[in-house]
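Worksheet: one structure, shown below.
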Amino acid sequence: MSLEAIKFTRSAPYELTILDQLLLPYTSKYITINTIVDAYNAIKLMQVRGAPAIAIVGTLSVVVELSHFLNGKFQGQAHYDLQNIQNLKLQIIERLRFLITSRPTAVNLANAINEVIEIVIRSQATSVDELFPEILKFATDLYDDDFKNNFKLGENGKAWILNELEKDGFKGDFSILTICNTGSLATSGYGTALGVVRSLWSHSKEFQTASSEDEPATKKAKSDVIKLSKCYPLETRPYNQGSRLTAYELVYEKIPSQLITDSMVTYLISTLNKDPNSPPIKACVVGADRIVRNGDTANKIGTFQLSLICAKFGIKFLVVAPKTTIDLNTVHGDDIVVEQRPAIEFQNVSGGIIDPQTNQVVRDQTTGFAIAGKVGVAAPGIEVWNPSFDVTPHEYIDGIVTEDGVITKDSNGDFDLVSLFN
Ligand SMILES: CSC[C@H]1O[C@H](OP(=O)(O)O)[C@H](O)[C@@H]1O
């Protein structure tokens, strides 16, 4: 098992490989990215996905492509005029603008690639050799900053949730909801919203259940400690990032969890939160693909209705994302372009072939890889609507967790995200 979505060799020969997430959770297989077009295809197909991860893979693909040209690996290639730096710059920019179109909603990719374009335009380099180090530095800094920021997101989100529950007079164990995949598989590692779950679970482990020799007062004190007891990831139809990827990460981390379908949320909350013996759901953490100036947030389809359900039940609803996911140039969520995915991704379900006798996935005897398969789940001829994301109005968001802290709304119900960049 591996949770490392992206592997990159930081010295020559530069090598970029990605974990093919279409094969998870049954097969861990890395595929090599040699060119910008390889990255475009892998991102478009969602072999790699998650707003931060696709930005990192996109920028690193420029590094490996240029390094291969420098090493003569692509002899006779048609893309670049290596004898004329101005022509070369225009050719790189053209390929970068193509890369951005692979997934239009997640702003991280566009933000990162536009910064690479700026580097290319402003560079005084007179050759690829001189331009290459500038792009390499940007790409590796993006990777490293994302990883550092994810731990800050986790800690900031953990502290805010625990503090809010304490302010509400809550005591003891609680549960948490999350949708899609926002963990190590969507980022450089640790994750955004799922990083908050990881940080909350680390906190809980400090207060393992009271041992038998503990004094009664100590036992009571430990039982009053506000701590995460369980995570409920949503399956996240139709691509099943929750059941395939988040569940895979939660099992790997041994975080107590129970997978639910997207349609079970309301009934789970209404029954669990009435049961005095069950840790109630008190928070929901979700990722983001684009947070616009007023706080409206594009995220995986199903997030908007999840926010409405949380509002109904008084459950804290947090968007967790690095500042690279904020788009101040777009003011309102109505102006976000929501990517439509192919109907076939809804009409079919992909996974590992199951042996009906053992109910275990069937594996290739040589490679150990699961035998992949698809089954149709929609009536032939029925039209489908398959938006990859929806837009949650900021009214239903209690806080936006960033690496610089948790932003909450002012007395007018408005978020001030501009202050994050001053
Ligand atoms: C930290 S990942 C952010 C975001 O990306 C996911 O979408 P996809 O799996 O289609 O790339 C999901 O919306 C996550 O919340």
Side-chain angles (χ1 to χ4, degrees), residues 3 5-6 18-22 24 39 42-58 102-112 142 146-147 149-154 157 177-198 233-249 262 284-291 297-307 317-327 336-342 345-346 350 386-392 397 400-403:
L3 297 188
I6 305 160
I18 59 166
L19 188 57
D20 184 348
Q21 297 190 28
L22 293 179
L24 291 177
I43 292 168
K44 184 83 175 168
L45 285 173
M46 294 175 66
Q47 288 174 296
V48 59
R49 29 66 50 203
I54 62 181
I56 293 164
V57 169
S102 55
R103 297 209 65 195
T105 304
V107 72
N108 307 55
L109 178 63
N111 279 349
L142 182 74
D146 183 68
F147 193 63
N149 288 337
N150 289 345
F151 287 91
K152 293 179 183 174
L153 291 171
L177 290 166
T178 193
I179 188 171
C180 198
N181 174 256
T182 58
S184 294
L185 296 172
T187 64
S188 55
Y190 201 73
T192 58
L194 200 59
V196 173
V197 174
R198 284 187 162 98
L234 274 66
E235 176 187 31
T236 318
R237 287 279 295 139
Y239 227 66
N240 302 328
Q241 288 95 328
S243 56
R244 293 190 302 113
L245 308 178
T246 297
Y248 176 81
E249 291 201 41
D262 307 331
C284 178
V285 286
V286 304
D289 290 83
R290 188 183 293 252
I291 305 169
T297 296
N299 195 54
K300 188 51 51 198
I301 186 73
T303 304
F304 181 11
Q305 64 191 28
L306 187 56
S307 75
F317 187 85
L318 284 181
V319 169
V320 186
K323 287 162 55 179
T324 50
T325 308
I326 296 174
D327 169 16
I336 296 174
V337 172
V338 174
E339 175 191 7
Q340 296 295 319
R341 295 295 301 180
E345 291 176 0
F346 183 161
S350 302
N386 193 14
S388 191
F389 306 103
D390 57 24
V391 180
T392 299
I397 299 172
I400 298 175
V401 183
T402 75
E403 60 271 36

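In each ligand, atom 1 is the first atom listed, and ligand 1 is the first ligand listed. The structure presented is a predicted model; accordingly, all values stated were derived computationally and were not measured.
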Do any nitrogen or oxygen atoms of ligand 1 lie under 3.5 Å from a protein nitrogen or oxygen, and which ones?
residue, atom, partner, partner atom, Å
ligand 1, 5 (O), Asp289, OD2, 3.2
ligand 1, 9 (O), Arg49, NE, 2.9
ligand 1, 9 (O), Arg49, NH2, 3.2
ligand 1, 9 (O), Gln241, NE2, 3.0
ligand 1, 10 (O), Arg103, NH1, 3.2
ligand 1, 10 (O), Arg103, NH2, 2.9
ligand 1, 10 (O), Lys300, NZ, 2.7
ligand 1, 11 (O), Gly50, N, 2.8
ligand 1, 11 (O), Arg103, NH1, 2.8
ligand 1, 13 (O), Asp289, OD1, 2.6
ligand 1, 13 (O), Asn299, OD1, 3.2
ligand 1, 13 (O), Lys300, N, 3.2
ligand 1, 15 (O), Asn299, OD1, 2.5

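Closest non-hydrogen pair, Tyr239 versus Leu45, comes out as OH-O, 3.3 Å. For the residue pair Ile179 and Gly302, the shortest heavy atom distance occurs at CD1-C, 3.7 Å.
The shortest distance between side-chain heavy atoms of Leu185 and Arg49 falls below 4.5 Å.
Contacts of Arg237 classified as salt bridge (Lys or Arg N to Asp or Glu O under 4.0 Å), with partners at least two apart in sequence or in another chain: none. Scored by the salt bridge (Lys or Arg N to Asp or Glu O under 4.0 Å) test, Asp390 finds no partners at all (sequence neighbours excluded). A search for side-chain contact (heavy atoms from CB on, under 4.5 Å) contacts involving Ala106 returns Ala51, Ile54, Asp289, not counting sequence neighbours.
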